[in-house]
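Written out below as structure tokens is the structure these notes cover.
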Amino acid sequence: MAFVEPVTLRLNGVRLEPLALDHEAGLAAAAADGRLWTLRVTSVPEPQDTRAYIETALRMRDDGNRFAFAVLDDATGTVLGTTSYHDILPAVKRVEIGHTWYRQSVQRTHVNTTAKLLMMGHAFDTLACHVVGWRTDNFNFASQRAIERLGAKKDGVIRGHALRRDGTIRDTVMYSMRSGEWPEARAQLLYLLQRHAPAG
């Protein structure tokens, strides 16, 4: 049995369901909303590369080291983006959350906070993880702020860690949260969502 089994998660009009080839057109449209593939510090696929992006995620799922979700508007089924558990380590009950991106029109809304609350809750409460981690490009300041808003602690920087899409070598900023820190983080995220989630 895989450590992360297929599951659909719902909250605040946001639905996370296992990423599948059926999401290809919707994910391509999400990438096109804001031409996200032109951002240097992300790995968003160009629309014509969306199928290969999904196929890679599915191969990594089969290998047990990544489980990707499509993030959808629960009412309309519109694909808003994608996010994943990755670097899954069942022996020490650790996952990381990443490969996350959303169409530009829903950025800076309740969507990311809701999706992260769902994934963190599933990781800590269902999978009984001891640690959830995040990593991001040292120049992706928006991502660093978003991770810090979740209540994650900065572990440090791995220098010369990975290639960017433009061929330059990035430093990677690492964050984590331990299971004992989750209740307070969950309370804070619920408070933020209560203040900022759309009415109805």
Side-chain angles (χ1 to χ4, degrees), residues 2-4 9 16 18-19 27 30-31 36-45 49 53-54 56-71 80-103 107-108 111-124 127-182 184-186 188-189:
F3 185 64
V4 181
L9 307 170
L16 274 61
L19 185 66
L27 203 63
L36 302 179
W37 66 90
T38 63
L39 300 175
R40 177 171 175 263
V41 295
T42 70
S43 58
V44 180
D49 297 330
Y53 181 91
I54 297 172
T56 297
L58 294 178
R59 281 195 301 272
M60 295 176 76
R61 179 190 302 177
D62 290 341
D63 293 339
N65 55 29
R66 178 179 172 191
F67 193 100
F69 293 91
V71 182
L80 306 178
T82 183
T83 189
S84 297
Y85 292 125
H86 66 94
D87 285 78
I88 298 167
L89 301 174
V92 294
K93 293 193 173 180
R94 175 188 167 99
V95 298
E96 294 187 31
I97 296 175
H99 298 277
T100 301
W101 54 270
Y102 304 102
R103 55 173 66 231
Q107 293 175 15
R108 302 181 69 81
V111 170
N112 183 55
T113 302
T114 300
K116 291 301 189 297
L117 181 64
L118 286 167
M119 293 186 75
M120 292 161 70
H122 187 67
F124 286 122
L127 303 179
C129 286
H130 299 307
V131 177
V132 172
W134 293 262
R135 62 181 68 187
T136 190
D137 191 294
N138 61 303
F139 283 120
N140 194 340
F141 303 115
S143 176
Q144 291 173 46
R145 287 192 298 270
I147 294 168
E148 290 166 5
R149 277 196 301 271
L150 299 173
K153 303 294 190 292
K154 185 176 178 179
D155 294 321
V157 179
I158 304 175
R159 300 182 67 183
H161 183 241
L163 281 174
R164 297 188 182 93
R165 65 193 312 147
D166 64 3
T168 58
I169 300 174
R170 83 176 202 185
D171 295 347
T172 297
V173 187
M174 302 292 296
Y175 292 87
S176 66
M177 180 183 295
R178 298 185 69 92
S179 56
E181 298 165 335
W182 165 233
E184 176 62 20
R186 176 174 53 199
Q188 176 65 10
L189 291 174

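Because the structure is predicted, anything quoted here is derived from the model rather than measured. Heavy-atom basis, side chains included; hydrogens, waters and symmetry copies ignored.
Counting all heavy atoms, side chain and backbone alike, Ser84 lies closest to Arg66 at OG-NE, 3.0 Å. When all heavy atoms of Ala57 and Leu19 are compared, the pair lying nearest together is CB-CD2, 4.1 Å. Taking each heavy atom of Gly160 and Ile169 in turn, the nearest pair found is CA-CG2, 3.6 Å. Shown here for Val95 and Ala123, the closest heavy-atom pair between the two residues is CG2-CB, 4.1 Å. Scanning all heavy atoms of the two residues, the minimum distance from Ala31 to Pro45 falls at CB-O, 3.6 Å. The shortest heavy-atom contact between Arg94 and Ser176 is NH1-CB, 4.4 Å.
Arg149 meets the side chain to side chain donor-acceptor pair (under 3.5 Å) test with no other residue; sequence neighbours excluded. Applying the salt bridge (Lys or Arg N to Asp or Glu O under 4.0 Å) test to Arg61 and every residue at least two apart in sequence or in another chain returns nothing. Listed by chain and residue number, Arg135 satisfy the salt bridge (Lys or Arg N to Asp or Glu O under 4.0 Å) test with Asp87 (two or more places apart in sequence, or in another chain). Residues satisfying the salt bridge (Lys or Arg N to Asp or Glu O under 4.0 Å) criterion with Arg186, sequence neighbours excluded, are Asp125. A search for side chain to side chain contact (heavy atoms under 4.5 Å, CB included) contacts involving Ala115 returns Leu16, Tyr102, not counting sequence neighbours. A search for side chain to side chain contact (heavy atoms under 4.5 Å, CB included) contacts involving Ala142 returns Asn140, Arg145, not counting sequence neighbours. Residues meeting the side chain to side chain donor-acceptor pair (under 3.5 Å) test with Thr82, sequence neighbours left out: none. Every residue meeting the side chain to side chain donor-acceptor pair (under 3.5 Å) condition with His161, not counting sequence neighbours, appears here in chain and number order: Thr172. Residues that satisfy the ring pair (Phe, Tyr, Trp, His ring centres under 6.0 Å) test with His122, not counting sequence neighbours, are absent from this structure. Taking the side chain to side chain contact (heavy atoms under 4.5 Å, CB included) definition, one finds that Lys153 meets it with Glu181, sequence neighbours left out. Evaluation of the ring pair (Phe, Tyr, Trp, His ring centres under 6.0 Å) rule for Tyr85 yields Phe69 as partners, not counting sequence neighbours. Every side chain to side chain contact (heavy atoms under 4.5 Å, CB included) that Asn65 has, sequence neighbours left out, goes to Met60, Asp63.
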* To do: Report the C-alpha separation of Lys154 and Val173 in whole Å, then their side-chain angles, then the decisive distance to 0.1 Å, and conclude whether the side chain to side chain contact (heavy atoms under 4.5 Å, CB included) test is met.
  => CA-CA 8 Å; Lys154 185 176 178 179; Val173 187; 3.6 Å; yes

* Asked: So Thr114 and Leu117, side chain to side chain contact (heavy atoms under 4.5 Å, CB included) or not? Walk me through it.
  -> CA-CA 5 Å; Thr114 300; Leu117 181 64; 5.7 Å; no

* Asked: Could you walk me through whether Phe67 and His86 pass the side chain to side chain contact (heavy atoms under 4.5 Å, CB included) check?
  -> CA-CA 6 Å; Phe67 193 100; His86 66 94; over 6 Å; no

* Please lay out, stage by stage, how Thr136 and Ile147 fare under the test side chain to side chain contact (heavy atoms under 4.5 Å, CB included). => CA-CA 9 Å; Thr136 190; Ile147 294 168; 4.2 Å; yes

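Thr100 places a side-chain N or O within donor-acceptor distance of the main-chain N or O of Gly98, the cut-off being under 3.5 Å. Side-chain N or O atoms of Gln144 include one that pairs as donor or acceptor with a backbone N or O of Asp137 at under 3.5 Å.
In this structure the side chain of Met174 reaches within 4.5 angstrom of the side chain of Ile158, judged on heavy atoms. A heavy-atom distance below 4.5 Å is found between the side chains of Trp182 and Met120. Annotation: side chain of Trp101 is not in contact with side chain of Val71 (no heavy-atom distance under 4.5 Å). Residues Trp134 and Glu96 form no side-chain contact, since every pair of their non-hydrogen atoms from C-beta on lies 4.5 Å or further apart.
Counting non-hydrogen atoms of other residues, nucleotides and ligands closer than 6.0 Å to CD of Glu184 gives a total of 12 or fewer.
With rounding to the nearest 0.5 Å, the separation of CG in Asn112 from OG in Ser143 is 8.5 Å.
Phe124 pairs with exactly one of His130, Arg178, Met177 by the side chain to side chain contact (heavy atoms under 4.5 Å, CB included) rule, that one being Met177.
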